[in-house]
Structure formats: C-alpha cells, structure tokens
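These numbers come from the heavy atoms of this one structure, side chains and all, not from hydrogens, waters or symmetry mates.
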Amino acid sequence: MSQTVEDLRRQAHDALRKTITSNELVQWRSRYLGRKGAVGALFGTIGKLPKEERAAFGQQVNALQSELQKAFEEREQLIRDQVLAQDLEEGEIDITLPAYPRQMGGLHPATRTHREFQTIWAEMGFQVYQSHDVEEDDFNFTLLNLPPHHPARDMQDTFYTTNPKVLLRTHTSPGQIRAMRELGQGGSKPIRVILPGMCYRQEQVTARSEIQFTQVEGLAIGRNIRMSDLKGTISEFAKRMFNTNAKVRYRASYFPFTEPSMEVDVECFLCDGEGCRVCKYTGWLEIAGSGMVHPTVLRNGGYDPSLWSGFAFGMGPERITMLKHGIQDIRYFWGNDLRFLKQF
C-alpha cells in the first residue's frame, strides 16, 4: 500500500507541473483532491487493510493530502502572477498612467494667520508661550486689576464651571501673569512673548461675534520700556503683516490691565485709505488693543514697577483674516463648510 501512496504522489506532482491555466488547475484539484478524487479513494481502502497496518497507512494518506493541497496553492499563486504579468505586458493595465488624484487637506484660514503672526513675532524676538484654556478666576480677572465686582467684568460674559473660581478664559491676558512668574523667574529677567490661543465668551452668535475665537496676546517686560517702544513695535509688525508702506494710527482707550491704553488702526490695505465698505469708508481698520502694563499687573507678576516696565497688546487673527479676505461672517470659521474652507 505504501507503494501505492508513493506512485500517486509522483503522478499528482507530474500532472500539476503540466497545468498552465486556471481551468486545468481546477480539473487537477477535482481529480486528486476532490470528493471522488484519487486521495479520497485511498482513504476508502483503509478499512480493507489488516488492523495493524491501518494507522500507518492513514498517516501516509493524510500527509499526502496536506502535501498536495500546499502544492496546489503554490501553483495557483504562480498562475495568478503569470496572468497579471501577461496583462501588464499586453497593455491591459498601463502602469505609466497617473494615479487617481488624492484630495489634499489644507490649513484652516485662522491657522494660516496664526502661523504668519508667529513667524513675524519670532523674527522680532518674541517667543511663543502657551497658556491654559481653563483658567482660575484670579488669573483671568483679579490679578489683571479686575477685582470682584469690578464693572469691567461685565464687558465679558463668562463661561463658569461648576466651581465658581474656575472658568473658560475670556481672553489670553491671564497668560501674562503666568509668563511673568515662570519666565521672569520672580521678576528678575526681561521677557518677550506672544500668547496665542482660544478664548470663550457667552455671547449671542451673530455675523460679528462668536462664543469662541482666537487671540494673540503680546507682552514685553524690561528696563526702561516706554510707550515709544510699543508704537515702534506695532508699526513694524503692521509693515511685515500688511505691506511695507502700511500706516498706523493710535487712539486713546481704556483697559484695566494697561495704563495708558490705546487702540491701534492700520490704513485700509484694500482701498489704500480711500474708503471702502470693509473699512466703513473711514480708510482705517482696527487691528489691536494695547498699552503699558499696569503697575498692579507688574507687581502681581512678580516685578517691581519702580524698576521694570513693559507693554502688552492683543490681536484677533479671525478679524484680520476677515479684513484681508473680505469675509463678512465670522461663523464661517467654525461652520466646517468645505465650500468656504477650500478657498484657502
């Protein structure tokens, strides 16, 4: 019987080597491995053998079946590869053709402006300092010269958590205190930082206001820093951000954490100051609020106001993006409408 198994093995392998098409391979499998195939016939003869020979013969037939099944799979893969290669040679699949275009994502317009901001300020010697989105009331208000019941707190409708001392920051200014205390090392070192990030206010959502928006805060602390340093710094930023001939004007204003304070306008870069719908026919666009850091804020940051001084400013990247591109509705920034985002 072992001779029968060996003969069938040799016969099956010889026949398999001669198969060159898928149809021939299917016929081979049916002939040798099918229900009524040659290997199945050998299994049917086990019962006719003497008992002492059955186990050994069964093992031989099982091994032959596994061997032929593996040989079949290898031959099947070889024929499949040959068919693919033949298709390529005959031009049915032209691998030189360009692939389907892959749609690429892009940066959000606000993110583009943020990166432009950071590049410009880095060139001017400012480092990026990341502060907390979830803030303490003390850092968001009290340490910025806004004690409890201060009327200026009403200017910012705040999102409070279940803990009345914890909130979503309403501006990036609380990062000033953290930067002064951390980077200033107890009021002993000068610092120049910008603090970009998200802000949150409980406001009615309109075309001009959102419950979330981004800001870029700037802070410089050093010896003998004056208002003229602030003006020159803002003027240089405007030239790098808009154009080299950008004109800047300053208007007196009020912020609790700066004294004196001022608003900053840049000449409308869309109409060159002639007056248009975007600048409301004034020829000027508001781009920032700024001022000299209030002595109380300096003291809360660890600095001695008699030895140190500084300036701070705050800008809205969305606002500048809206001005540059003529966007009329701030809600587009958070609507995730691809028709809007693809334009950038």
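Heavy-atom minimum distance, Met124 versus Arg192: O-NH1, 3.6 Å.
Judged purely by atom type and a 3.5 angstrom limit, Glu318 uses its side chain to pair as donor or acceptor with the backbone of Thr214. Here the side chain of Gln343 pairs a donor or acceptor atom with the backbone of Arg339 at under 3.5 angstrom. Panel note: side chain Thr161, backbone Val166; a donor-acceptor pair is recorded below 3.5 Å. Under a 3.5 Å cut-off, the side chain of Arg178 and the backbone N or O of Leu183 do not form any donor-acceptor pair. A donor-acceptor pair is defined here as one N or O able to donate and one able to accept, closer than 3.5 Å; no such pair exists between the side chain of Asp14 and the backbone of Gln11. With hydrogens and angles ignored, the 3.5 Å screen pairs no side-chain donor or acceptor of Ser235 with any backbone N or O of Lys231. Between the Trp28 side chain and the Ala12 main chain, a donor and an acceptor come within less than 3.5 Å of each other. The closest donor-acceptor contact from the side chain of Ser30 to the backbone of Gln27 lies at 3.5 Å or more, if one exists at all. Thr19 places no side-chain N or O within 3.5 Å of a backbone atom of Ala15 that could act as its donor or acceptor partner. The backbone N or O of Pro256 lies less than 3.5 Å from a partner atom in the side chain of Asn145, making a donor-acceptor pair.
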Please test Asp229 against Arg226 for salt bridge (charged side-chain N to carboxylate O under 4.0 Å, His left out), starting from the C-alpha separation and ending with a verdict.
CA-CA 5 Å; Asp229 297 314; Arg226 302 179 177 88; 5.1 Å; no
Starting from the C-alpha separation in whole Å, work towards a yes-or-no answer on salt bridge (charged side-chain N to carboxylate O under 4.0 Å, His left out) for Arg240 and Glu236.
CA-CA 6 Å; Arg240 298 190 185 201; Glu236 180 62 23; 2.8 Å; yes
Report the C-alpha separation of Phe159 and Tyr200 in whole Å, then their side-chain angles, then the decisive distance to 0.1 Å, and conclude whether the ring pair (Phe, Tyr, Trp, His ring centres under 6.0 Å) test is met.
CA-CA 7 Å; Phe159 284 108; Tyr200 312 86; 7.4 Å; no
Would you check, one step at a time, whether the test side chain to side chain contact (heavy atoms under 4.5 Å, CB included) holds for Arg112 with Glu116?
CA-CA 6 Å; Arg112 288 175 179 270; Glu116 192 173 358; over 6 Å; no
Report the C-alpha separation of Thr113 and Met241 in whole Å, then their side-chain angles, then the decisive distance to 0.1 Å, and conclude whether the side chain to side chain contact (heavy atoms under 4.5 Å, CB included) test is met.
CA-CA 10 Å; Thr113 305; Met241 183 69 191; 4.1 Å; yes
Full working for ring pair (Phe, Tyr, Trp, His ring centres under 6.0 Å) between Phe344 and His325:
CA-CA 10 Å; Phe344 303 90; His325 298 286; 5.2 Å; yes
Tell me, with the steps shown, if Gln77 and Glu73 meet side chain to side chain contact (heavy atoms under 4.5 Å, CB included).
CA-CA 6 Å; Gln77 184 61 46; Glu73 293 171 356; over 6 Å; no
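For the residue pair Gln69 and Gln65, no side-chain donor N or O sits within less than 3.5 Å of a side-chain acceptor on the partner. The closest side-chain donor-acceptor pair between Asn23 and Thr21, if any, does not fall under 3.5 angstrom.
Partner of Phe313 under the ring pair (Phe, Tyr, Trp, His ring centres under 6.0 Å) criterion, out of Trp121, Phe255, Phe237, Tyr250: Trp121 alone.
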